[in-house]
Student: 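Before I ask anything, here is the structure I am working with.
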Number of protein chains: 2
Amino acid sequence: MFKKVLIAEDMQDINKGVHTTLCELGIQEIHEVQYCDDALLKIKKAQADGAPFELVITDLSFKSDWREQNIQSGEDLISVLKKEFPNLKIIVYSIEVRIQKVRSMISNYNINGYVCKTRRGLLELTKAIAAIYKNKQYLSPEVSQALSTKNTLEIDDYDILLLTQLSKGLSQEEISQYMKENQKTPSSLSSIEKRLNKLRIDFKANNAIHLVATVKDLGLI
Amino acid sequence: MFKKVLIAEDMQDINKGVHTTLCELGIQEIHEVQYCDDALLKIKKAQADGAPFELVITDLSFKSDWREQNIQSGEDLISVLKKEFPNLKIIVYSIEVRIQKVRSMISNYNINGYVCKTRRGLLELTKAIAAIYKNKQYLSPEVSQALSTKNTLEIDDYDILLLTQLSKGLSQEEISQYMKENQKTPSSLSSIEKRLNKLRIDFKANNAIHLVATVKDLGLI
DNA sequence: TATATCCTTACGGCATTCCGTAATACAAAA
DNA sequence: TTTTGTATTACGGAATGCCGTAAGGATATA
C-alpha cells in the first residue's frame with residue numbers, strides 16, 4: 001500500500017473523513033492541507049527531503065478566503081504537479097460530475113483517478129486507491145462513461161463564455177461588444193444570435209431565460 | 001457533555017469527519033445515518049427503548065437515489081422531529097448560507113444551532129455543541145446576522161412561483177395564463193410585468209435573464 | 001483555377017419585453 | 001356613504017430578442 005499520501009481539500013470535515021479512511025487502509029503517513037499553495041509547498045519540501053509523496057488526493061474547487069493564494073483551483077494545482085512531479089499519482093475527489101470536465105482532466109493532465117463525492121464516495125475512494133496502487137486508472141461509475149462514449153453535446157469554451165456573459169445580464173448587443181473588445185471571434189451581433197439559437201435548440205430551451213436556467217442547473221456555468 | 005448523538009448526512013466522507021470530531025469531544029454513543037427515514041426510525045427506536053438521543057446533527061439536502069424515501073429533505077426531517085420530540089436538540093450542518101433559509105428554520109422549527117459547512121466547519125460545530133449543551137443557541141458567523149438584522153428583501157411565495165415559471169421558459173403572456181388557470185392573483189400580463197420589474201430592481205438585475213441567474217445563485221429557486 | 005462547404009456577418013419583419021402613464025377595482029378609514 | 005389609499009389592470013411607444021434569408025469570406029477538394 002501507499003506509504004505517504006497528501007489530502008488537499010478545503011473543507012475540514014471532508015478532509016477528516018478522508019483522513020480516517022486512509023488510516024483504516026493502513027497508510028502510514030497522511031498529510032492534510034486546506035490550501036492549494038500549501039499542497040505545492042509540502043510536496044516540494046518532501047521531494048527535497050528525499051521522502052516524496054506517492055499520492056495526492058485533491059478537490060477541484062477551493063473556496064477563497066482572506067488568505068491570498070497563487071494557485072486558485074485544484075485544476076491549477078494538478079497542472080503544476082503533473083509538470084513538476086510526473087511520477088506523482090493524483091486522484092481528483094470532487095462533487096463535479098460533468099463528463100466533459102472529467103474527460104478534459106484525463107486528457108490534459110492524465111490524472112490517475114477521478115472519484116465523485118457521493119453517498120458512497122469514500123468506498124469509491126478506497127477502490128480507486130487500490131486500483132492506482134496497481135498502476136491502473138480508476139473512475140467512479142458516475143463518470144466512467146467519460147472514457148468510453150461520446151454522448152456529450154459539443155459545448156466549447158466559447159459557448160461557456162457566451163452563456164456566462166448572458167447570465168450576467170448583458171444584452172446580445174453588449175455581448176457582441178464584449179467579444180470584440182476581448183478579441184474573441186465570432187463577435188458580430190448576428191453570430192451571437194445564431195450561436196445562442198443553436199444552444200437553445202441543443203438544450204431544448206424555449207428562450208434565453210430558460211437556456212440560462214438550464215445550463216445553471218447542469219452546472220455548466 | 002452529550003452522551004448520545006445522531007448524525008444525519010448523506011455524504012459518507014462528511015459523516016465520517018463529523019463522527020471523528022464527536023469522538024474527540026468524548027461523546028460516547030454516536031450513530032450515523034445516510035437517509036432521513038433511517039434517522040426518524042432510529043430516533044423512535046431509541047425513544048421506545050428508553051435511551052433517547054439527546055442531539056441530532058443533520059444536513060439539509062439529501063441526494064435521492066434508488067432507495068425510496070418518505071422524508072425527502074433535512075427540513076422535512078426537522079419538522080417531524082420537533083413535533084414528535086420537542087426536547088430533542090437539533091443542529092443543522094449545511095452548506096446553505098441563505099439568511100432567509102436560516103431565519104425560517106429558526107422561526108419555524110426553533111432549531112438549536114445552525115453551522116455552515118466551511119473550511120472551519122468542524123471547529124464551528126464543536127462550538128455549537130458546547131453552546132447547546134449549555135442550552136444556548138448557536139449560529140456560525142456566516143449566518144449569525146439572521147437573528148439580528150432584517151436586511152432581507154420581502155420575497156413571498158408568489159414571487160417564487162413567478163420566478164420558477166419564468167425559469168421554466170414561459171413567456172410573460174404564458175405566465176399570465178398559468179396564473180389565471182391556477183386561480184392565483186394577480187394574473188394579468190400587466191401585473192406580471194410590474195412584479196418582475198420590481199424583482200429586477202430588488203435584485204439589481206439588468207434583465208429577466210440576469211434576474212433568473214441571480215435568484216438561482218441565491219438558491220431561491 | 002474552379003467548385004463546394006463551412007463560418008461569419010448583414011438585414012428585415014415580427015414577437016416579446018421593457019417602462020412609463022393612467023384608468024379601474026377593492027378595501028379600510030372617516 | 002364618501003374619502004382615501006393601495007392593488008390590479010390597461011395601454012402605447014421604444015428597445016430587445018427571435019427567426020429566416022442571404023451575401024461575403026476562408027479553406028478544402030477536385
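Within every chain, numbering begins at 1; the chains are lettered A, B, ... in the order of the sequence lines, protein sequences first and strands thereafter. Note that these values count all heavy atoms, side chains included, but never hydrogens, waters or copies made by symmetry.
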Student: Does the side chain of A:N197 get closer than 4.0 angstrom to OP1 or OP2 of D:dC18 through an N or O atom?
Tutor: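 False: A:N197 side-chain N/O out of range (4.0 Å or more) of D:dC18 OP1/OP2.
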
Student: side-chain contact (heavy atoms from CB on, under 4.5 Å) with A:N197: which residues, sequence neighbours excluded?
Tutor: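 Partners of A:N197 under the side-chain contact (heavy atoms from CB on, under 4.5 Å) test: A:R200, A:I201.
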
Student: Write down the distance between CD1 (A:I175) and C1' (C:dT9), rounded to a whole number of angstrom.
Tutor: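 Computing the A:I175:CD1 to C:dT9:C1' distance gives 17 Å.
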
Student: Do any of residues 182-196 of chain B sit with a heavy atom less than 4.0 Å from DNA chain D, and if so which?
Tutor: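 Here the set is B:P186, B:S187, B:S188, B:S190, B:S191, B:K194.
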
Student: Could you note down all residue pairs passing salt bridge (Lys or Arg N to Asp or Glu O under 4.0 Å) where residues 72-94 of chain B supplies at least one of them, sequence neighbours left out?
Tutor: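 Non-adjacent pairs meeting salt bridge (Lys or Arg N to Asp or Glu O under 4.0 Å): B:E75-B:K101.
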
Student: Would you mind writing out the side-chain donor-acceptor pairs for residues 184-191 of chain B within the sub-3.5 Å range, not counting sequence neighbours?
Tutor:
unit_1: B:S188; atom_1: OG; unit_2: B:S191; atom_2: N; d: 3.1
unit_1: B:S188; atom_1: OG; unit_2: B:S191; atom_2: OG; d: 3.0

Student: Take atom CD1 of B:I209 and atom C1' of D:dC18, then tell me their distance rounded to the nearest Å.
Tutor: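 To the nearest whole Å, that distance equals 12 Å.
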
Student: With ring pair (Phe, Tyr, Trp, His ring centres under 6.0 Å) as the test, would you mind laying out the steps for A:H31 and A:F53 before giving the verdict?
Tutor: CA-CA 9 Å; A:H31 295 254; A:F53 283 98; 5.3 Å; yes

Student: Does any residue of residues 163-173 of chain B have a heavy atom under 4.0 Å from DNA chain D, and if so, which ones, in number order?
Tutor: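 Of all residues in residues 163-173 of chain B, none places a heavy atom under 4.0 Å from DNA chain D.
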
Student: Take the protein atom NZ of B:K198 and the nucleotide atom P of C:dC19, then report the distance between them rounded to whole Å.
Tutor: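 So the NZ-P distance, B:K198 to C:dC19, works out to 15 Å.
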
Student: Does B:D10 have any side-chain contact (heavy atoms from CB on, under 4.5 Å) partners at least two apart in sequence or in another chain, and if so, which?
Tutor: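 A:R119, B:D59, B:F62, B:K63.
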
Student: Can you give each donor-acceptor pair under 3.5 Å made by side-chain atoms of residues 120-129 of chain A, sequence neighbours left out, with the distance rounded to 0.1 Å?
Tutor:
unit_1: A:E124; atom_1: OE1; unit_2: A:Y138; atom_2: OH; d: 2.6
unit_1: A:T126; atom_1: OG1; unit_2: A:L123; atom_2: O; d: 2.5

Student: In chain order, what residues pass the side-chain contact (heavy atoms from CB on, under 4.5 Å) check against A:A39, with sequence neighbours excluded?
Tutor: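 With neighbours one apart ignored, the set is A:L6, A:A8, A:V33, A:L77.
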
Student: What's the CG-C1' distance between A:N206 and D:dC19, to the nearest Å?
Tutor: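 Roughly 15 Å, once rounded to whole Å.
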
Student: Rounded to the Å, how far apart are A:L199 CG and D:dG17 C1'?
Tutor: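 About 15 Å, once rounded to whole Å.
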
Student: Return the value, rounded to whole Å, for the distance between atom CE of A:M179 and atom C1' of C:dT8.
Tutor: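 Interatomic distance, CE of A:M179 to C1' of C:dT8: 14 Å.
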
Student: Quick one: list whatever passes side-chain contact (heavy atoms from CB on, under 4.5 Å) with A:K168, sequence neighbours left out.
Tutor: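 Counting only residues at least two positions away or on another chain, A:K168 forms a side-chain contact (heavy atoms from CB on, under 4.5 Å) with A:T164, A:Q165, A:L170.
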
Student: In whole angstrom, give the distance that lies between atom CZ of B:R200 and atom P of C:dT17.
Tutor: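 Rounding to the nearest Å, CZ of B:R200 and P of C:dT17 are 11 Å apart.
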
Student: So with a 6.0 Å cut-off around NZ of B:K44, is the heavy-atom count from everything else above 12?
Tutor: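 For B:K44, atom NZ is not crowded (no more than 12 foreign heavy atoms under 6.0 Å).
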
Student: Rounded to whole Å, how long is the line connecting atom CG of B:L211 with atom C1' of C:dC18?
Tutor: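 From B:L211 CG to C:dC18 C1': 13 Å.
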
